[in-house]
Colleague: 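This is the structure I have questions about; it appears just below.
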2 protein chains.
Amino acid sequence: MPDEHGHPSTEEMRLGVVMAALADPLRAKVITELAADDADPERTCASFELGVTKSTVTHHFRVLREAGLISQVDYGNSRKVRLRRADLELRFPGLLDLIVAQE
Amino acid sequence: MPDEHGHPSTEEMRLGVVMAALADPLRAKVITELAADDADPERTCASFELGVTKSTVTHHFRVLREAGLISQVDYGNSRKVRLRRADLELRFPGLLDLIVAQE
């Protein structure tokens, strides 16, 4: 079962759901940026400059979180996201390389 | 430009479009079956037993063809499909392995 923040466990991740998440250009942009940065920084949603309304941003990050691509941490007045790199490598080996290579 | 049957060239294939095609469970089933068979047989659309109407089958195969995942050959009274394995390996190395591994 996903945790209380909607993060699925590695075993719960499904390739079809991950692909549906990545089929959207804005969500693909977020994951490509995160995957290309080996330092795996925590970033705010606003830092991706998606050029859409805040509620649309919230929607896209929820889709990414529920697919298992990112984790979100709530710091009270701000929320940060991080790529679930190790989990993704374990569950879908090579997927992130594929995404970064298409940049 | 895609050819007259809607097959994109390798360079025209886009990962986002391929992922959108694979996000559907029936289309993922078709590609998983094809990718798992190293003999790369030509198959009829009907052979996949998708359990949906003929027009829905036609739709799904068009999406797969336009994404570049399969090629379709018209034999007059029948149409056969084949995985574009070599093109996919060239354009998205490792993608087919990832799909087969999730079976």
Colleague: How long is the span from the CG atom in A/Leu95 to the CG atom in B/Asp97, to the nearest 0.5 Å?
Modeller: 12.5 Å
Colleague: Do A/Ile70 and A/Val63 land in one hydrophobic cluster if side-chain heavy atoms of ILVMFWY residues count as linked below 4.5 Å?
Modeller: no
Colleague: Please tell me whether B/Leu26 and B/Phe61 are part of a single hydrophobic cluster in this structure, the criterion being side-chain heavy atoms less than 4.5 Å apart.
Modeller: yes
Colleague: When you group the ILVMFWY residues by side-chain heavy-atom contacts below 4.5 Å and let the links chain together, are A/Val30 and A/Val73 in the same group?
Modeller: no
Colleague: Is it the case that the side chains of B/Gln102 and A/Arg91 hold a donor-acceptor pair, with the cut-off being a distance below 3.5 Å and no angle test?
Modeller: yes
Colleague: Below 4.5 Å from any heavy atom of chain A, which atoms of B/Pro93 appear? Answer side chain, backbone, both or neither.
Modeller: both
Colleague: Linking I/L/V/M/F/W/Y whenever their side-chain heavy atoms sit closer than 4.5 Å, directly or via other members, would A/Leu83 and A/Val17 fall into one cluster?
Modeller: no
